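Here is the structure we will look at.
When reading the values below, keep in mind they use all heavy atoms of this one structure, side chains included, and skip hydrogens, waters and symmetry mates. Lettering of chains follows the sequences in order, A, B, ..., and the numbering in each one begins at 1. Source: prediction; values computed, not measured.
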Amino acid sequence: MEYNFREIEKKWQKHWVDTHAYQVSNTSNKPKYYVLDMFPYPSGAGLHVGHPLGYIASDIYSRFKRLKGFNVLHPMGYDAFGLPAEQYAIEHGVHPATSTAQNITNFRNQLDNIGFSYDWSREVRTSEPGYYKWTQWIFLQLFHSFYNRSSQKAESLGVLIADFEKNGNVNHECPGDATVHFTADQWKAYSEKEKQDILMLYRLAFCGYGEVNWCEALGTVLANDEVVNGVSERGGYPVVKKKLRQWYLRITEYADRLIDGLNHIEFSDAMKEMQTNWIGKSYGAEIEFEIQHSNSKMVVYTTRPDTIFGVDFMVVAPEHELIEQITTPEQKKAVEEYITYVKSRSERERQAEKKISGCFTGAYALNPFNGNPIPIWISEYVLAGYGTGAIMGVPCGDERDHKFAKHFHISITNIIGDHYNGVDANPTKDALLSNSDFLDGIVQREAIGIVNARIEEMGIGKKKVNYKIRDAAFSRQRYWGEPFPIQWKNGIAYPLSENELPLLLPTVESYSPGPEGEGPLANIPEWVAKELETNTMPGYAGSSWYFLRYMDPHNESEFCNRKASDYWNQVDLYIGGTEHAVGHLLYSRMWTKVLFDLGHIGFDEPFRKLLNQGMIQGSSRFVYKLVVKSKQTTSEFSFPIFLSSVYYEKFIKHGYISRETIENILNYRFDDKWSEPLPDSTGVLSIVPIHVDVNIVDGFELNIQEFQKWKNGEYANARFILENGKYICGSEVEKMSKSKFNTVNPDVLVEKFGADTFRMYEMFLGPVEQSKPWDTKGIEGVHRFLKKLWRLFFDETKGKVWTDESATSEELKVLHRTIKKIEDDTERYSFNTTVSAFMICVNELSDLKCHKREILEALLVMLVPYAPHIAEELYQHINGSGSILDASFPVFEEKYIIESSKEYPVSINGKVRTNITIALDASPEQVQEIALSNELIQKWMEGKTLKKFIFVKGKMINVVV
RNA sequence: GCCCUGGUGGUGGAAUUGGUAGACACGCAGGACUUAAAAUCCUGUUCGCCGCAACGCGAGUGCGGGUUCAAUUCCCGCCUGGGGCACCA
C-alpha cells in the first residue's frame, strides 16, 4: 500500500468538516488557550508561500495545545475593508463588496488546501454590517469618553461635564489645547456650540485639522503608498500638503500606559524597543526666548537645557506660525521660496534628506541669560508636530546641528572643552561646562536641573515631558470603510444613538472623490442631506478589536458578551509580522485599554505573548535585454535579444559595451550570421534587466521554450546569447510580489507533494522568526521523510508490517529522546528543529527495523500538529477507533534515556585532540587521572607542564599547558 | 536620516545557559537494485596542505580588534542584506 497523499488529505479534510472537528465551545472544564493569527487582508493576488508560514506555526501550536488537554480557540477571518478593493472599483467599476467576496472565496480555498484547524463557524469580516455595527459602537464609546488624568483612565464625558459645572476646568487640563481655562460660571454661560467645541478638545475620538497628501490633478487625497518622489504614483501629478478636517484618536493620553503595559506582556525586546521609541517619551524643558525688535516670543523644546550657552542658532519648522511675523523684508522672498519647496516634500523625505537646506529669517532671538542675539533659521529637518516645532541649535553637542552650522558658516561656541574636537559633535552629558556663565565647571548632567530651576524661577519656562507619538488620524476620504455614526448640525458633531446602528454604507454610483478632497460619500445627495459625516474609518478600525469578536461572533446585542471575554480572556499566542509593530499593535492595545477602563472587558492588554514571524522573501530572476539608448529614446531591435548573465556582469563592471563587442558576439553566436544593422547608430548600447517568472527558471537556468510562450508570446521571436549552451538568469532577493514575478503559489506545491509535506517544509526552512528567501528545492527531502514514515507501517509488497511486540530499550530510548525534543522545541516555537527531530527518529527506527505499535502510535500523536492528515490516516489503521486529534501527547520518561557514560572531547589549550569515554559518575580527580594518562594527551603534553585542568561534567575537558 | 533586525559549507539551516562548529535536509559525486526508468538503498561531501588513502596538520561562523582555559555565543569599531518610519494592510 502506497502513501497516496492526495486521497488521504481529501478524505480527512472532508471528515473533519463533517464531524465539526474544529468547532470549539465557550464552555468547557478544560483550561482555555487562545491562538490567533494576525488578521489578513484578502488581497486579489491570493496567497503566496509567504502567507501560510505564520498560519502553519499557529496551527501547529493550537493542535499541540489540544493534545495537551486545552480547549483551544483558533479562529480566522478577514480584515475586509481597504484601499486596494476601492482602487480596483475605480478602475474596473466592480463594487468593492463583490471583489472582496470573490477574493475571500479564493483565499479560503487556498487555506482549506493546507489543512488548518480553524473554527470557521466563528469567521468574521470587518465589512459586514453585523461586524461594523460594533466598530461604530466602539467609536461612540471613544467619542463619549475622555481621559481622566487623575484617575489615569478613560471615563464618561458626563463625569467631566459635572465637574466643569462645579469647578470649571481647573481639575482637568485641556489635552487638546493647554491654554484653555474657564470657571464654572463661564462654562454655564457658554453657548451649546462653545461647549461642544470645548468637549471636542477632551474626547478620545475627536475632530481636528490635519495635513493630507492632496493631488489637485486627480482631485483626491492620496495614501503615502500612492505618492512616489513627491508625485502621484498614477499619472505622476504633483502632490502637496492640504489641511482637512479629520477625526483622531487621542492615543497620546495613553502614552504612559502603553509604555508601562509592555512590562506585563511577552513581546520580543526588539518589539518593545520599537514601540517605546515610537512613543518617544522624553524629559526636557520648554524655554521661552524673546525676539529682538519684536513683542513676539518663541518657545523651544529641548531635552538639553544644560547647553543653553552653546546655542548658536535657532531653527523653526517651515510651518511655524511665527515665521510670518518675524521674517525681515530682505529675507521675505527667500523664505517664501523655501517654504514652497518644503510643501512639496513628504515628512519622510524631509527627515531622510542628507543635503542640508534652510533659510535665514533675518530675525534674532535673545538668550534669556546673557542677552546674546541668536539667528533664527527655518529648516525642513525640524517638524511642526513634535515639541513646539522649534529647536535651539547647539552645534558642539548635536550632530545634525553641527552639520547645519558648518554648512551655513555659523560660528560654533564650544561649551564642553576637550570633549569637542571641532570635527564632530559630541552629545555627552558628562563634560564639565565652560563658556557657560553661571554653569562653568559644572557637570552637564547636573546642570540640567539647575537650568530648569532657574527658568521656572524667572518665569520663562518649565520642565516638560514630551512624546513623539501623535494622535492617530482616524478618518479617510474614501468609500470602502466604516461610516462614522456622526451627524453634523451647525458645525457641531452629534452622535447617532446606539439603536440607529449600524449606519449602513450606502451604494454609490461612482467611487471617485467628492468636492474639495471629501470622500465619495459627499457625492450622495441623500447622505449629504442628512448631514452625515462623509469621511470613513481607516483600515485599522476593524482590526483593533477583532480578537474580541471571535469570542462571541454572532452576538447581535453586544460587541462581545462579558462571560465570553472573561472565559477566553487575552490572546495567549499571537503570531504575525513585525511590520505591524507600531500601527496595529499600538492601536489594538489602546482600544483594549479603553474598553477595559469603561468596564466592557476584564483585561487591558490584548496579547499576552507575541511571536513575530519572519518574512518569506522572493528570490527574483532576471533576463537581460539588449537595447540602444540615445539621449531622447530607447529603441529595441526588431526582435528582442537577451544576454546571459555573464555579459550583464561584464557590462556592469565596465559600464558600457562597445559596438564592436556586440557586433562580434552577434556575428559569432548566431548560425545564420547577423545581417541586421544595429539600430540608431548614434545610440549607446545598454542592457536592461527584466523580471522573469521564477516558475519558468530551474535554479538559475532559463527554460527558453517556456519563456517564449510567457506573457502570451511577447518574446516568442526572442534570440538568446548563451553561456556554455545555457541561458543563466541573474537573481536578487526582494519582497514577494506579483509584479516581480517571484511568487510561488502554495496550491501548486500542495498538489504536487501534499499539504503535510508543504506544512513541514515551510517549518523546515528555518526559524519562524527569521526572514528568508523562498526556495522550493529541498521540499523533496521532507516528502521523502513522510514516505519513509509510511514504510514503517506499510510495505509495498507485504502490506501492513506493524506488530504488537513489545519495544526494546533501544527503541524506547529513541522514542523518549524524540518526545523530549518535540515537546521542548514545540513549546519554544522552534518548529524547524522539531522537523529534523522527526527525521532523526524515523531514520533511527528504520535502522532498528522497528515496526512496533507501541512506539509508532506515540510517534503519530506527536506528528499530528505537523502533518495531521497522514497521522490521522495511519492512526486509523493501527488503532481503528477514535480521532487522533483528541489523543494525549505522549509523556516523557527520563528513565528510558539515562546514560551511564559520556564520550568527552578532550582539548589541549582549547583545541580538541581526542575523545575519551568516561563514566558520568566519575569524580573530577578520577577524570583528570584518566585524561592525563591517555596516550594521545601525553604525546601533546610532552615537554610541557600542566597549568590548569578544566572539567565540565557532562560537557568537556580542557587541558591547559 | 532615524528605529529594529539578520550575516555560519555549493544551498536552507543546527549548535537551547560561553564548552566537540556544520545536526537534519537539499544539491553534487560515486555505487547497488532494474532490460530501462521511476522509486528505494549504500558511500562520500567546510576549505587548504602532506603526490592517493588512512592518519595527521593548519585555517575557518561578514570584516578588524578585545575579554576568556575556551567565543557562532560576551564587549568595541566597521561593512552589508532585510523590515518600519504615522493614509498599503
Side-chain angles (χ1 to χ4, degrees), chain A residues 2 38-43 79 81-84 87 210 212-213 221-227 246 268-271 273-274 276-278 280 347-354 381 385 399-400 468-473 475-478 538-540 543 577-584 586 612 614-615 617 699 733-735 761 764-767 769-782 784-785 787-788 791 796 824-825 828 830 832-833 835-840 843 846 903-912 915 947-950 952 954-961:
Chain A
E2 256 185 67
M38 277 186 194
F39 219 15
Y41 176 79
S43 100
D79 190 9
F81 277 131
L83 203 48
Q87 200 52 52
V212 294
N213 301 312
V221 175
L222 296 176
N224 287 338
D225 237 31
E226 302 173 296
V227 183
Q246 301 271 31
S268 69
D269 288 343
M271 179 63 59
E273 210 168 324
M274 273 189 270
T276 306
N277 291 341
W278 181 261
E347 212 169 275
R348 176 98 53 88
E349 288 170 327
R350 283 171 59 173
Q351 282 176 293
E353 185 57 69
K354 281 187 196 166
Y381 79 88
E399 198 49 51
R400 202 136 57 151
K468 218 180 276 169
I469 194 172
R470 307 199 288 255
D471 285 327
S475 48
R476 302 290 183 262
Q477 293 68 46
R478 297 286 177 180
Y540 67 82
S543 62
T578 48
E579 65 271 21
H580 298 285
V582 290
H584 164 65
L586 274 176
N612 288 118
M615 181 173 281
Q617 292 144 330
V733 172
E734 309 177 280
K735 240 185 184 166
Y761 183 60
F764 192 56
L765 272 181
E769 296 99 320
Q770 228 166 72
S771 294
K772 55 237 155 187
W774 177 264
D775 184 3
T776 303
K777 286 194 169 173
I779 195 168
E780 304 246 9
V782 175
R784 270 176 217 151
F785 153 75
K787 285 200 278 194
K788 196 166 179 179
R791 287 199 302 274
E796 251 178 80
D824 288 356
D825 285 6
R828 68 188 177 98
S830 176
N832 55 327
T833 52
V835 176
S836 70
F838 279 123
M839 289 174 171
I840 292 168
N843 287 346
S846 299
E903 192 182 12
Y904 283 96
V906 185
S907 315
I908 309 285
N909 289 346
K911 284 219 179 304
V912 180
N915 290 299
K947 255 206 201 146
K948 205 171 178 185
F949 186 86
I950 291 156
V952 182
K955 294 273 187 197
M956 44 68 69
I957 293 164
N958 190 14
V959 182
V960 186
V961 295

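- Using a 4.0 Å heavy-atom criterion, one finds that A:P773 contacts no nucleic acid atom at all.
- Among the heavy atoms of the strands lying under 4.0 Å from A:M839 are primed sugar atoms or P, OP1, OP2 only; no base atom is included.
- No hydrogens or angles were tested; on distance alone, a donor-acceptor pair under 3.5 Å links the side chain of A:N958 to the base of B:C69.
- The listed nucleotides are B:C24, B:G13, B:C69; the one nearest the side chain of A:F764 is B:C24.
- For B:A15 and B:A25, the P atoms lie 16 Å apart once the distance is rounded to whole Å.
- Rounded to whole Å, the separation between the P atoms of B:U40 and B:C26 comes to 10 Å.
- A:Y761 and A:W774 have perpendicular rings, their planes meeting at more than 60° on a 0 to 90° scale where under 30° would count as parallel.
- If you take atom P in B:C63 and the same atom in B:G9, they sit 9 Å apart, rounded to whole Å.
- Separating the C1' atom of B:G22 from that of B:U61 is a span of 9 Å, rounded to the nearest Å.
- Here the P atom of nucleotide B:G6 and the CD atom of A:E273 are 11 Å apart, to the nearest Å.
- Nucleotides B:U5 and B:G77 are separated by 15 Å at their P atoms, to the nearest Å.
- Heavy atoms only, all atoms of each residue included: A:P905 and A:N915 are closest at CA-OD1, 3.1 Å.
- Atom CG in A:N277 sits about 17 Å away from atom P in B:G1, given to the nearest Å.
- Picking from B:A39, B:G12, B:G13 the nucleotide with the shortest atom distance to the side chain of A:L765 gives B:G12.
- Taking atom CG on A:D775 and atom C1' on B:G10, their separation rounds to 12 Å, with Å as the unit.
- The side chain of A:I840 sits closest to B:A23 out of B:A23, B:A21, B:C3.
- Remark: the backbone N or O of A:M271 is paired with a side-chain donor or acceptor of A:S268 at under 3.5 angstrom.
- The CD1-P distance, from A:I957 to B:C69, rounds to 19 Å in whole Å.
- Straight-line distance from the NZ atom of A:K772 to the P atom of B:G6: 13 Å, rounded to whole Å.
- Remark: side-chain polar atoms of A:Y904 are not paired, donor with acceptor, to backbone N or O of A:K955 under 3.5 angstrom.
- Checking the phosphate oxygens (OP1, OP2) of B:A23, no side-chain nitrogen or oxygen of A:N843 falls inside 4.0 Å.
- A salt bridge is defined here as a Lys NZ or Arg NE, NH1 or NH2 lying under 4.0 Å from an Asp or Glu carboxylate O, and A:E226 with A:R478 meets this definition.
- Residues A:Q246 and A:S475 approach most closely at OE1-OG, 2.8 Å, considering heavy atoms.
- Contact annotation: A:N832 side-chain N/O to B:A14 OP1/OP2 distance is under 4.0 Å.
- Between the A:N958 side chain and the A:I950 main chain, no donor and acceptor come within less than 3.5 Å of each other.
- Comparing the same atom, P, in B:A70 and in B:C52 gives a spacing of 34 Å after rounding to whole Å.
- For the pair A:F949 and A:I957, the tightest heavy-atom approach, listed with the atom from each and the gap, is CZ-CG2, 3.5 Å.
- Residue A:K788 comes nearest to A:S846 through the heavy atom pair CE-OG, 3.5 Å, listed as atom of the first residue, atom of the second, then distance.
- A distance of 11.0 Å separates CE in A:M274 from CG in A:D269, rounded to the nearest 0.5 Å.
- Heavy-atom nearest nucleotides on RNA chain B were determined for A:D269 and for A:N915, and the one closer to the 5' end corresponds to A:D269.
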Does the protein touch nucleotides 84-89 of chain B at the base, only the backbone, or not at all? Give it as B, S and - per nucleotide, heavy atoms under 4.0 Å. SBBBBB
Give me, pair by pair, the N or O atoms of the protein and of nucleotides 41-48 of chain B that are less than 3.5 Å apart, along with how far apart they are.
| from | atom 1 | to | atom 2 | distance (Å) |
| --- | --- | --- | --- | --- |
| B:C41 | OP1 | A:R791 | NH2 | 3.1 |

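- When rounded to the nearest whole Å, the span between CD of A:E734 and C1' of B:G82 equals 12 Å.
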What dot-bracket string describes RNA chain B from 5' to 3', counting Watson-Crick and G-U wobble pairs whose defining distances are under 3.5 Å, with [ ] for crossing pairs and | for pairs to another strand? (((((((..(((......[....)))((((((.......))))))((((......))))..(((((..]....))))))))))))....
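- Distance A:N909 CG to B:A71 P: 11 Å, rounded to the nearest Å.
- The separation of B:A39 from B:C88, taken at their C1' atoms, amounts to 47 Å, rounded to a whole angstrom.
- In this structure, A:N612 CG and A:E579 CD are separated by 8.5 Å, a value rounded to the nearest 0.5 Å.
- Using P as the reference atom, B:C3 and B:G13 are 27 Å apart when rounded to the nearest Å.
- In this structure, B:G60 is classed as anti because its glycosidic torsion departs from zero by more than 90°.
- When each of A:Y904 and A:R400 is assigned the nucleotide of RNA chain B with its nearest heavy atom, A:R400 is the one assigned upstream, toward the 5' end.
- Judged by distance alone, with hydrogens and angles left aside, the side-chain atoms of A:K772 form a donor-acceptor pair with the main-chain N or O of A:P767 at under 3.5 Å.
- Considering all non-hydrogen atoms of both residues, A:K468 and A:W278 come closest at CB-O, 3.8 Å.
- Distance check, rounded to the nearest 0.5 Å: NZ of A:K787 to CD of A:E780 gives 7.5 Å.
- Checking B:G13, B:U20, B:G83 against every side-chain atom of A:M274, the shortest atom distance belongs to B:G83.
- We find that CD of A:Q770 is positioned 10 Å from C1' of B:U5, with the value rounded to whole Å.
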